[in-house]
Structures are given as C-alpha cells and as structure tokens.
Amino acid sequence: MSQNRLVVKFGGESGQGINTLGEILSKAIKNTGFHNFAYREYPSLIKGGVASYQIDISDRRIGSSLRMCDILPILDIDAIHEYIYSVRENGIIIYDSLDLALTEEEKNFINQNSIKLVSIDTKELALDAGGIEIMANMVLLGFIWRILGLEIAPIEEVVRDRFKDKKIDLEAEIKCLLAGYNSQQTNGLEKPISFDKGLNLKDSLNITGNQAIALGAISAGCRAYYAYPMTPSTSIFKFIGDTYRETGIVVKQAENEITAAQMAIGSMNMGTRAMVATSGGGFDLMSETISCAGISETPLVLVLAQRGGAGTGVPTWTGAGDLSLAVNAGHGEFPRCVISVSNPADAYLLTQAAFNIAEVYQLPVIILTEKQIAESIFNIQEMPEPIQIERGLNNGTNRYEITENGISPRWVPSEENPVYLQNSDEHKITGESTENSKEVIEMSDKRLRKLKTLKDNLPEPVYYGNENTETVLVSYGSTGNTIRDLITDQTNIGYLHYSYIYPLKFEKLTQLKEAGKQIISIENNQTGELSKLIKQESGISIDQKLLKYDGRPLFIEDILDFINK
Amino acid sequence: MAIPVTEYNTNVRPTWCVGCGNYAINTAIKKTLSELDIKPNQAFISFDIGCNGNGADKIKVNAFKGLHGRAIPLAIGSHLANRKMTVIADIGDGGTLHEGIEHLIHAVRSNYNITILIHNNENFALTTGQATATTQESKPMYGLPDGKPEREMYISDLVLGQRATFFARAYSGDMLQMIEIFKSAINHKGCSIVEILQYCPTYNKEANPEWFAQKIQKLAQPVQSLEEAIKTSKTEEKINTGVIYQDQSIPTFYDRLQNRKNINTELVEEVKNYDISNLLKYLD
C-alpha cells in the first residue's frame, strides 16, 4: 500500500477533551500544509465510555480513514484495550503511566509489531510548567507535535486562537504545550511526516458534512429550519442556529419530527424554502408527510442522516442502511427524488440541487448522508460556486393541470394570485377532491410522468479511475470517499459513484456490464441496498458484494483486503 | 365595503348530513372573512381529515387539505412563511385531541398568530361514529357497546391550563355569535383557540338543538383571569359560549425571534441565493 498517510488516534473516555485535542491537531496540521481527515468514534452518553478521535494526515486531499494508526495517545486506561490492535507496526502508544495491565495476548501483539510504549506524566509536566492538572492535554499535544517533527508556531497559533475568548489562563496553556514539545522524552520517538507538504492550506477549510449541508441550504435561500434533535443530523441544526443572527433564518425546534415535517411543507407550500433533518427513527415519523407531499405535489426537502442499526441501533455510529427507506418511505405510490452526499463539496451543491428539484418537480427530495460524512472533518480548498436557484413557478389556469411532462403549473399563494386548494385527497385538475375512476388514473399517471421527466434530466453516476480496468466498484456516500482515496494508488480498479440514487440512472452501469467488467458493490449496510435497487430498476445483478454493518465506516484496509482476496 | 360572501363560494356541492353543523360553520367562516374584508387570496386555511376537512373544497380561499391531525403544524409553517396571510387551522375534536394533541398544546405555548377552529361534535364522524376524548363516557359508540372505559377530556382545561392567550367557545347553531367570535379570534394577535360545539345529527343526536338551547348561556364579555376562565368553561351545569378569555400582553412566537427584529420582509420574499462567504468563520 503506497498510501502516503500518517495516523494519530486519540483514545480516551468521552468527556475527557479528546474532541478538543483532535480539532486543534486537525487544524494545526492543515495550517502546516498537510491534508487531513478527522474521524470520531464515541458512545451514546455524555461522560465515560471509550471514545476516539482519529486524524489521518496525508499529502493529498483525503476523505477516509485507515483502520490502523501510527500514534495512539491514550487518556484513559480502558481505551488501550479497545484500540491496541489498531496500532500499526513500529507504532507508538502514549500514556501517562506504564502500568497498563496488558494481557499476555496484548503484550505479544506489542512485541511482534515492535510497538513502542511510552509513558509521559503529562499532569506532572503541566504542574511543573505552571499550569493546572487539566492542562495535561496540552502537554500531550505538544509532545505529539514534536514526535511528528513539526515546527511549534502553527499549533501554538491554533491554540491561542481557540482559547482567546475563553476564561482560562492562556499563557499557562501555551507553557504546557511547550513543556510537552520540549520534553526530552521525545528523543528516539521521532515519527516525522515523511511525505511532502501540500500547498498552502492555511486558508483552506476544515468542514464537516453537516456544516456543508447547512451552508448549502442557506446558500439556496432556505429561510426556515424546523428541528428536532437526533444524532447524527443535529449539527445541521447547530450550524443554522449559530448563524441565524446573520442569515435571519427562522429556526424552530418543533415538538417532534411529524411537526417539523408538517411545518416544512406548510412553509414550502406558502412559497418560501424550508428544510428538516433527522435520522432513521425521526424520518419514519416524517413518512406520512412525505406521502402527503407526494400526492399534493408540495415541494419538501428532508435530510436523512443515517446511523447504524434498526430501532435505536448504535446511535452514534455510522451506516448506510436507510437507502431503501428513503426510496420507499410513505404509503401509496408517488414520485420522489433521493440524493446521497459523500463529502462537504458535493453536500453543499447537492443540497442546493435538492431545493431546485423539489420546487421544479413539486415533490419530496430526500438527502441521504451518514454519520461518517456528517460529523467527520474534511479539508477542502474552498466552497464550490453555488448553483443558481430554480423555482419552477409559473401561473396557470388549473393548479393540477394534466401535462405531458407531468409538471403542472404552480404558483405561490399571495394577494396577486388566484387561490387554489393543495390537496392530499386525490383531486381533479382544479384541486377539488375526486374519487372518479378516470380522474384518479389521469392524475396518478400525470404525477408518475414527473419521475420520467426527472430521470431524463438527472446526470448518470460518475466514473472514477482507469476506464480500462477489469474491476469496477459501485457505491455511494462515505464508502465512495474510501474507494476514491484508494484508486489513486490502485490503478487496476475503476469506481462508479452514485449521488443521484432515485430515480436510478443505469446507462453507464449497463455499458460496463456489457463490456464484461467485474462489478462489485461495496456498501456500509447488511443487505446491499444499492445493489437491490439496481436490480429492481435495471435488472442488473451484482453478485459480488462487500458489506459492512458494524457501525464503523469502510476503512481503506477493508476494501484492499477484499480486493486482494 | 365588505366583499360579497359569494366570492368565497365554490361550485362543489356539500356532502354533509342534513342538519350537520358544518354547513353553518362553513358559512360563518365565509361571512367572517367578508366582514373583516379579507379577500379569498389573503386567507389560508389548512384543513384536517374528517367531516370538517370535507369542507376544504367548499370555500374559495388558499387552502391545503393535508393529513389527519396535522392541520395545526401545517398552518404554523404557512404562517411563519408569510404573516400577511390570515391563517386558520380547521380541525375536528378527533384530529386535535387524538392524532395531533401535541400540536395543540405546543401551539398554545408558542403563541403563533393563527386561529385554530376545533369542530367538536364529540365523535369521529367521517369514520362512522367512533368515540373521541370528548364523547360522553357512558355512551355506546362504534366498537364500544358499553361506552369508552375512560374519562372525558375538555378542550378548555387543556388549552387554558397551558395559558392560552385566546379561548372562545362557539355553537354551530348560533351563526351571528360564531361570526363575532371568529372575528375576535382572527383579530387577536396570538394563538386563538375556538372550540365550536358542532351538532352531529347522525352520531351525536343527544346533543341536539333543543339540548343546546337549554344548556347554553352566552357570556357577555371575557373573564379576567385564567383561573376564572377555567371555571367558566366547565360544562356540568350550563355551557358558556362567547370569548371566554383573552390576554393581549403575550408576544407572539415570531415577535420573539431576536434575529427577525429588524427585518421587514416575509420569508416568502427572501428566497434568493445567499452569499455564504461571511459564514465560513463559523466553521472553526
């Protein structure tokens, strides 16, 4: 594997400050000129339980994690047993005591892999440096920074910037950072970043997938956000709320997801743009509203941020097992659009596209994301150019006029416009309810024609890599990031990435199949939901699958192991 | 000059039972809008599913016939998008107190400037007479030959307990009073709850015009306190109708939004590409 990567993984208890450590390190790495990708694992509780914050450092833009790390600083003894087997050969484990109570098996693993165990009393160093015990984390950070062989200035600047408005002794924090950085104990531990620095990344952005969705919605003129907290969608609410003084967006935390979805169709129908975001359970509650939006032809944009498992599942872990839900949610038959984001740049643009599609085609649009995209920090150079708003508003005689492309005139209720009834009953062209056989068929057929029109206008999935390979992987979402990171080195595989999931385009896939390619689907779910949809829509069977459903994302090694098998 | 009531008519024939209170309520809404000089396209009504909801295509205004129990949040979303629109949620006792009871309670708490008209005919009539929370305990109902084994719920207790800023009770047999109440409700700046005692000649024959005539007494003016309002709203002896309680001192939800204080446009006027470059500083 020639991936130019160096991985630092903080392990500890939830609530010990590993997020702060990770965020500072991630930003300092970026400002030093290296790309990085930061991935969090944490339990569904506030204090205690094992958590980690992993930063993959690279000389190129990456969007995925390795399973194995080079440096594992541990803040809590339990974390060592959780993460010891994710340390690579010649790796370093750092803890403030050598009393690790390792099992025989763990000791053997350390010996066999020449892993160094380093004890550094960060608390004592913090006190010696004039700090307080809680500043031990700063000592650890300085210590790691020295091991990486980096100059102190960028990280000092990030620390100063981060704590500038906090009521803490900033100078003492810096002294602790330096105490770790200048510790003699780093001698012999050097693990310098061996690859070249990237470009000047100082002005580039460290951004999560959820922040990008929020920015996409704001950019697209979304003026109301209806929230109900559910991991991993909640940080969309946070970003839109944190910026609401500037944007003027109306933010309403609703009493439940049904309410949020209903408020959203109310606002969209009235003629503004509104959005809701939730995870699987909350999305289930929104299903009836999705069906209502479908038959009444009301634009609606929902974000479905996926996590692992059914029921409450593994609520703070990742997965992509809600694709079938998104495609099938809601009773009755009606057109919809399902889009899957994979990284901040496409999340930003696809969210804008979702609003345009919802309004132009007058239907519900579901934006799929995953915890792995939602909460991980990606580095991107800048936000892409926004997409122009298209609203598809035009006056007509009848709100539900039968048309060839299935799209009826839609106008916004206002003093200037004639009134109409938006109706979730089956209706005549005027909006009046009907149960007449002919009218029911005509209106149902008209609605379904929109799906054909939409499909014709959607792009084919994007092919990455060498066109002449024998093997083509097919996927979507965060798994696509892992594959794209991998194929820069693995020139013998190609990759077909789906952003627009439904209605499904399969011309490119058919060509690949007919060219005799070996097609493999790789999915972060148990039953191969994209493969099933492909089979249903195109008839193409994908027999080879790599499926992962333990709440963890697809790591680079997962795919390599599978391909090399 | 008032807008002619005929302006609000559609040519859809009503499908309610002979004697149903919905005829009068439908007319009262039209007359109210007419007398308040609210044109058809200046009003928006979200209709629930139920006999009342079958009135959705029997009045010419901007309307949305949505889902059972959800008329209130749909109305709220509409109101927040465009406050120039007079927004009414039209819903039955089944939809309000069963499927969507959370919406009623939270709407009262939030005090949106909308009007909620609750048609209370004490049963799920469209599905042929099942018990609701307002059905009398002992009364045999669909599937419940011995009546429901539960106590009743009172809309007034529910909303006044949540400190509603406007509560009125109307009766479908009193057109003139209904219009006056609806007018007060629409004019009230805040969440106006109107319980309409609606005669159901098919599934609630006991509560017929003669019965109502004996029970109802009209309140001359609203009472002064919530405690008094709760007491006045009790229905054991007499049933008080009219505007029972109003508190104009509580700001609306929208008026409490700090970030909208200096904005004079409505959300519907603000849909345009927003330059996000100033927001990137929040990424840290």
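Every chain is numbered from 1, with letters handed out A, B, ... down the list of sequences.
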Any donor and acceptor pair, going by atom type alone, linking the side chain of A:Asn417 with main-chain N or O of B:Asn41 inside 3.5 Å?
no

Counting heavy-atom pairs under 4.5 Å with chain A, the top scorer among B:Leu80, B:Asp57, B:Leu67 is B:Leu67

What's the spacing between B:His103 NE2 and A:Ile258 CD1 if we round to 0.5 Å?
6.0 Å

Please walk me through it: do B:Arg70 and A:Cys292 pass side chain to side chain contact (heavy atoms under 4.5 Å, CB included)?
CA-CA 11 Å; B:Arg70 312 299 170 206; A:Cys292 173; over 6 Å; no

Could you tell me which portion of A:Arg391 (side chain, backbone, both or neither) has an atom closer than 4.5 angstrom to a non-hydrogen atom of chain B?
side chain

Do you know which of B:Ile263, B:Ile105, B:Leu280 has the most heavy-atom pairs with chain A at a distance under 4.5 angstrom?
B:Leu280

Are more than 12 heavy atoms from other residues, nucleotides or ligands located less than 6.0 Å from atom NZ of A:Lys238?
no

Contacting region of A:Glu382 [heavy-atom separation from chain B under 4.5 Å]
neither

With a 4.5 angstrom heavy-atom cut-off, is it the side chain or the backbone of A:Ile377 that approaches chain B, or both, or neither?
neither

Proximity breakdown for A:Asn206 and chain B, heavy-atom pairs closer than 4.5 Å:
backbone

Answer with side chain, backbone, both or neither: which region of A:Ile387 has an atom nearer than 4.5 Å to a non-hydrogen atom of chain B?
backbone

Between A:Leu205 and chain B, which part of the residue has a heavy atom less than 4.5 Å away: side chain, backbone, both or neither?
side chain

With respect to chain A, which residue among B:Val61, B:Ile72, B:Ile76 yields the maximal number of heavy-atom pairs within a distance under 4.5 Å?
B:Val61

Examine whether an atom of A:Ser219 lies under 4.5 Å from a heavy atom of chain B, and if so say whether it belongs to the side chain, the backbone or both; otherwise answer neither.
both

Between B:Asn259 (side chain only) and A:Tyr244 (backbone N and O only), is there a donor and an acceptor less than 3.5 Å apart?
yes

Between A:Gln211 and chain B, which part of the residue has a heavy atom less than 4.5 Å away: side chain, backbone, both or neither?
side chain

Residues 349-357 of chain A: residues contacting chain B (heavy atom under 4.5 Å, by number):
none

Taking every non-hydrogen pair under 4.5 Å, which of B:Lys281, B:Lys60, B:Lys65 racks up the most with chain A?
B:Lys65

Consider only side-chain N and O atoms of A:Asn256 and B:Glu102, and report whether a donor and an acceptor are under 3.5 Å apart.
yes

Among A:Leu421, A:Val412, A:Val419, find the residue that satisfies the side chain to side chain contact (heavy atoms under 4.5 Å, CB included) test when tested with B:Asn62.
A:Val419

Contact part of A:Thr298 toward chain B, heavy-atom cut-off under 4.5 Å: side chain, backbone, both or neither?
side chain

Report the option among B:Pro73, B:Gly69, B:Ser110 that has the most heavy-atom pairs separated by less than 4.5 Å from atoms of chain A.
B:Pro73

If I take atom CD from residue A:Glu415 and atom NZ from residue B:Lys84, how far apart are they, to the nearest 0.5 angstrom?
7.0 Å

Need one label for A:Thr208: side chain, backbone, both or neither, based on atoms under 4.5 Å from any heavy atom in chain B.
neither

Please indicate whether B:Asn262 has more than 12 foreign heavy atoms, meaning atoms of other residues, nucleotides or ligands, lying under 6.0 Å from its CG.
no

For A:Arg160, is the CZ atom crowded, meaning more than 12 foreign heavy atoms sit under 6.0 Å from it?
yes

Which region of A:Tyr420, side chain (C-beta onward) or backbone (N, CA, C, O), has a non-hydrogen atom less than 4.5 Å from a non-hydrogen atom of chain B, or is it both or neither?
backbone

